[in-house]
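Convention: sequence-line order gives letters A, B, ...; per-chain numbering from 1.
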Number of protein chains: 2
Amino acid sequence: MPNAHDELFRALADPTRRAIFERLCREGEQTVGALTALAGVSQPAVSKHLGVLKHAGLVRDRHEGRQTHYSAQLGALAPLIDWTSQMAGFWQSRFDNLEDLLKRMDQ
Amino acid sequence: MPNAHDELFRALADPTRRAIFERLCREGEQTVGALTALAGVSQPAVSKHLGVLKHAGLVRDRHEGRQTHYSAQLGALAPLIDWTSQMAGFWQSRFDNLEDLLKRMDQ
DNA sequence: GAGATCGATAACCCGCTGGCTATTGATATA
DNA sequence: TATATCAATAGCCAGCGGGTTATCGATCTC
């Protein structure tokens, strides 16, 4: 079963999309136009990427007149942090077990 | 320019591949056969996934007779951790700037 | 040496995804 | 009201990526 991390990892896997997200983290709220100006791809492409990011909870949008402002939602990175430390935890506990084993063998 | 995180994020984006990596983290070194038995895909598919993980530095292989043992390389997750905390850092510094601004406006 | 097993490679297929252009809806401006 | 701008959507296309089966090289086992 594909777990909940899927959408998050997939959303961040594309370089263009990740660049957009990074920029929103660095510089804060941006309009679609501003993002498009530096994205190196067309405006519809940027909109599509923003759609994916939004669906993954990585960005919020705010409508103001005819323009839309996007901003990063840092909280969405939490599952990624959790996953990473979980992997590290598994690693560590296996290491501990090995240590125990060696200790037991030693005496 | 696609940065160095690309390969890492892409490698972890696929559920099957991530499951293999998670298993290696949980249970330690495994043969291709053992991994295939529970992966839900064919042995060549598993080999291909292991190739991708290896290329991304996430696993090591060790040959022993006719079987190959793979193990997780936890250190490869470091760039991911760095990237995450960098994003958090940008966020924080923008927040600090805002705080400064408000403080300056206040007086 | 013959046969079986392990895992990597080759060759192929299909679906998804990221890109594009064109268009639409909505809002601002003349 | 007519026109221009912004961003989302529609519709399309090409390439890639993850899956398969078939095969090969290498190593055990008989």
Using heavy atoms to find the nearest nucleotide of DNA chain C for A:Thr16 and A:Arg66 separately, return the residue whose nucleotide is more 5′.
A:Thr16
What is the distance, rounded to the nearest whole Å, between atom CG of A:Asp14 and atom P of C:dC16?
17 Å
When you measure from the side-chain N and O atoms of B:Tyr70 to the phosphate of C:dC6, is any distance below 4.0 Å, counting only OP1 and OP2?
no
Go through it in stages, so that I can follow the logic: the residues are B:Asp14 and A:Arg10, the test is salt bridge (Lys or Arg N to Asp or Glu O under 4.0 Å), and I'd like the CA-CA distance, side-chain angles, deciding distance and then a yes or no.
CA-CA 8 Å; B:Asp14 180 76; A:Arg10 300 220 42 152; 5.8 Å; no
same_hphob_cluster(B:Val59, B:Val52) at 4.5 Å side-chain heavy-atom cutoff:
no
To the nearest 0.5 Å, tell me how far B:Leu38 CG sits from B:Ile20 CD1.
10.5 Å
For B:Asp6 and D:dG17, give me the distance from atom CG to atom P, rounded to whole Å.
11 Å
Does a sphere of radius 6.0 Å around CZ in B:Arg60 hold more than 12 heavy atoms from other residues, nucleotides or ligands, not counting ones at 6.0 Å or beyond?
no
Length of the CZ-P vector between A:Arg62 and D:dA8, whole Å
13 Å
Over how many whole Å does the gap from B:Gln67 atom CD to D:dA26 atom P extend?
18 Å
Name the one of A:Arg62, A:Glu29, A:Glu27 that satisfies side-chain contact (heavy atoms from CB on, under 4.5 Å) with A:Ser71?
A:Glu29
Could you walk me through whether B:His49 and B:Thr16 pass the side-chain contact (heavy atoms from CB on, under 4.5 Å) check?
CA-CA 8 Å; B:His49 283 306; B:Thr16 306; 3.8 Å; yes
Expressed in angstrom and rounded to an integer, what is the separation of B:His55 atom NE2 from C:dT9 atom C1'?
16 Å
Nearest-nucleotide comparison on DNA chain C, the residue closer to the 5′ end among B:Thr31 and A:Val41
B:Thr31
Rounded to whole Å, please give me the gap between CD in B:Gln30 and P in C:dG7.
11 Å
Under a 4.0 Å heavy-atom cutoff, the residues of residues 42-54 of chain A touching DNA chain C are A:Ser42, A:Pro44, A:Ala45, A:Lys48, A:His49
How many whole angstroms separate atom CD of B:Glu64 from atom C1' of C:dG7?
14 Å
Please report the distance, rounded to the nearest Å, between CZ in B:Arg10 and C1' in D:dC16.
8 Å
Should the pair A:Trp83 and A:Phe9 be assigned to parallel (<30°), tilted (30 to 60°) or perpendicular (>60°) ring geometry?
perpendicular
